[in-house]
2 protein chains.
Amino acid sequence: MRKTNIKELAKILNFSVATVSKALRDSHEISEQTKKKVLEAAKEFNYTPNPYASSLRRKRSKTIAVILPEVADNFFSLAINGIQSIAEKKGYHVLIYLSHENFVIEQSFVEDCRSGRVDGLLISVTSETQNGAHIQKLLDEKLPVVFFDRELESIAAPKVITNDYECGFNSARLLLERGCQNIRFFSVSSDLAICSKRAEGFLAALAEAGLPNENAICYFSANDTHTHEHIKEVIANRGTVDGIVASVERLAIQTYLACHELGVQIPDELKVVAFSTVETAPILNPSLTTITQPAFEIGKNAADILFTLMEGKDYGYTKKPVIIPSVLVERKSTQNKTGA
Amino acid sequence: MRKTNIKELAKILNFSVATVSKALRDSHEISEQTKKKVLEAAKEFNYTPNPYASSLRRKRSKTIAVILPEVADNFFSLAINGIQSIAEKKGYHVLIYLSHENFVIEQSFVEDCRSGRVDGLLISVTSETQNGAHIQKLLDEKLPVVFFDRELESIAAPKVITNDYECGFNSARLLLERGCQNIRFFSVSSDLAICSKRAEGFLAALAEAGLPNENAICYFSANDTHTHEHIKEVIANRGTVDGIVASVERLAIQTYLACHELGVQIPDELKVVAFSTVETAPILNPSLTTITQPAFEIGKNAADILFTLMEGKDYGYTKKPVIIPSVLVERKSTQNKTGA
DNA sequence: TTGAAAGCGCTAACAA
DNA sequence: TTGTTAGCGCTTTCAA
């Protein structure tokens, strides 16, 4: 059946378009009887409102954008679910952009958000992103932006993150307590706040234990197709290294794969802790000790704040990021044979 | 800096809006000199075209929708990447809708696509979806739709899937070859073609081996929060069952988790094959034998076909789905101690 | 090669 | 309570 627009509907009903429009939006200035007639006709004649006409007129798109590096990562998948759970409630659409850890792509997506296509933006930046000028531009134009997880310290916008420093600290502490003497932190970027803060905490724990080590942080570029080989190399030539903290999910998986390929025994020869939300952590070989980020909650909170902002309310942002703590779950990858 | 619209830009340049519009779209009827001036001014005065005004006028949105059950599943994550790889090339935006395996949600998303918001739809239906009337409606209104993975047999639209029947057959065969006597197929739905075809193949292999079994298919509703308990129950009370085929990723992970919790030894007590694209398959305990679907390729192909359709070309759709075969990778979860 | 004008479908101020 | 009218920002005839 053909679709109808508001004009045709008005003609059919012998009302003006204005009346029909108001009736459809359930305006109080329209009589119940008219509303009923309009709604019925709308259904009968297969009326579908054109969202673009409405957006153009109202200067609101009922759409938010989410820019993130990757979706094939459980953290981001869960975060998207959290975001959608809120967007759905508000009747908003979600436009998802994947930057693939590429700064240039991220820039062009952010640029695109300036067009009025979206009413707000949630972003987790790439590991390459050092500069926030593109995002500042949005902010200057009064488009609400909220960071989640991977934020930019130089930009003054709401942020929802986890307790990175503390978790970095605890991860190193755990390894040291389990007897490790020479540990490494696998990072994807020195610029990403989440990585640098986790690394800082990690280094602080080393320092506290009297084991400072300037070479403890290893970098693996996030969009390098040879990460696997690089990790394998590092592990193969690890010397006395006996413990690793993987700062993101992908590095954790790569580390495990490398160890399997090289026949390196976890945890006997090498202990591993990972920042990760992989569901399979308990069934990995060996089960993986994780620092599990509250991914869904982070997404949900970020979206909540974004909507508060979009509704013109000041949500009481005080320059301090919202911090939702992660949970350390110890499994076999850090345990000694004796059980601890 | 403030944004400019085309009217303001025209005034600044002392051209008409028409000229500016044409220059911006690189029309052949505008002189090079004028184009250059316009482009420069556009940059200088921070011009950003309003996509909604453009969409309204041109009746094209430069946006496609992807409706899928879930994103926290590696198959769908990879498929999204495949879709985006094409959309990006075409300068299209991708609106992602998660139906969470809920038919009512799916329906409302599909309904929403009728509004002109998108120029085409890629869909993988929920496990609840039995009826395709909502999708037929779009087709009737000439909106291009392409199914990927989870299709609806009753709807005549292009489909990109994998060789489900064959893979179902091979999965059962493998288990039987490894000595299993009593095997089960874990399904999420009897309506989903992917599941029923995989199950058919599975049953055919059983019949061929002279082991027909009407109770070989076990159903676990996809949006049941108690799947884990149900699977655990089935495995605990498995009797002589010695082999399982998990038809989707989530069931595979749940099966492993259940076995771990129950102390059931894979592969000694129970062999497991899974339709899955999980990266962690080789590092699971034990490593998981998988039928790996070409998820990225499926997404990519589906998007390719959708764009062909949207460009008004008939891509030569002949009622036959495009089939991209999966790859069976045997790992420890189906091997006997002796190595085979 | 450029411009005037109409209009995509809808909303909102104002009038009736 | 309903209707008239003027756009939102852009594209596209058609005329100059």
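Labels below follow one simple rule: chain letters A, B, ... track the order of the sequence lines, proteins then strands, and each chain is numbered from 1. Values below: every heavy atom of this structure, side chains too, minus hydrogens, waters and symmetry copies. In this text the structure is predicted, and so the values were computed from the model without any measurement.
When the P atom of C:dT1 is taken as reference, atom CD of B:Gln33 falls 11 Å away, rounded to whole Å. One interatomic measurement links the two molecules: NZ of A:Lys35 to C1' of D:dT1, which rounds to 11 Å at whole-angstrom precision. A straight line from NZ of A:Lys7 to C1' of C:dT11 spans 15 Å, rounded to a whole angstrom. The interatomic distance linking A:Arg60 (CZ) with C:dG9 (C1') rounds to 18 Å, in whole Å. Rounded to an integer number of Å, the gap from CG of B:Leu13 to C1' of C:dG3 is 14 Å. One atom, CG of B:Leu56, and another, P of C:dC8, lie 9 Å apart when rounded to the nearest Å. With rounding to whole Å, A:Arg117 atom CZ is found 13 Å from D:dC10 atom P. Here the P atom of nucleotide C:dC8 and the CG atom of A:Asn50 are 11 Å apart, to the nearest Å.
At D:dT11, none of the side-chain N or O atoms of B:Tyr52 fall inside 4.0 Å of OP1 or OP2 (strictly under the cut-off). Remark: A:Thr34 is in phosphate contact with D:dT2, judged by side-chain N or O atoms under 4.0 Å from OP1 or OP2. One finds no side-chain N or O of B:Arg58 lying less than 4.0 angstrom from the OP1 or OP2 phosphate oxygen of D:dC10. One finds no side-chain N or O of B:Ser16 lying less than 4.0 angstrom from the OP1 or OP2 phosphate oxygen of C:dT2.
In this structure, B:Glu70 CD and B:Leu68 CG are separated by 8.5 Å, a value rounded to the nearest 0.5 Å. Atom CG of A:Asn131 and atom CD of A:Gln136 lie 10.5 Å apart (nearest 0.5 Å).
Heavy-atom nearest nucleotides on DNA chain C were determined for B:Val20 and for A:Glu29, and the one closer to the 5' end corresponds to B:Val20. DNA chain D is contacted by both B:Pro51 and A:Val17; A:Val17 maps to the nucleotide lying nearer its 5′ end (nearest heavy atom per residue). When each of B:Ala53 and B:Thr19 is assigned the nucleotide of DNA chain D bearing its nearest heavy atom, the one mapping closer to the 5' terminus is B:Ala53. Comparing A:Asn5 and B:Asn14 along DNA chain C, the residue whose closest nucleotide (by nearest heavy atom) sits nearer the 5' end is B:Asn14.
Considering only side-chain atoms of A:Lys22, the nucleotide from C:dG9, C:dC14, D:dT11 that sits closest is C:dC14. Of the candidate nucleotides D:dA6, D:dT12, D:dC10, D:dA6 has the atom nearest to the side chain of A:Arg57. Distances from the side chain of B:Lys59 to the nucleotides D:dT4, C:dG9, D:dT1 place C:dG9 closest. Counting only heavy atoms from C-beta on, B:Ala18 has its side chain closest to C:dA4 among D:dC10, C:dA4, D:dT11.
Using a 4.0 Å heavy-atom criterion, one finds that A:Ser55 contacts no nucleic acid atom at all. If you check every strand for non-hydrogen atoms under 4.0 Å, B:Phe15 touches sugar and phosphate atoms only. Within 4.0 Å of A:Ser21, counting heavy atoms only, lies at least one base atom of the nucleic acid.
In this structure, A:Ile123 and A:Phe109 have side chains that are not in contact, with every pair of non-hydrogen atoms separated by 4.5 Å or more. A heavy-atom distance below 4.5 Å is found between the side chains of A:Val125 and A:Phe147.
Salt bridge A:Glu8/A:Lys11: absent, no basic N to carboxylate O contact under 4.0 Å.
Contact detail for A:Ile105 and A:Leu98: the closest heavy-atom pair is CG2-O, 4.0 Å.
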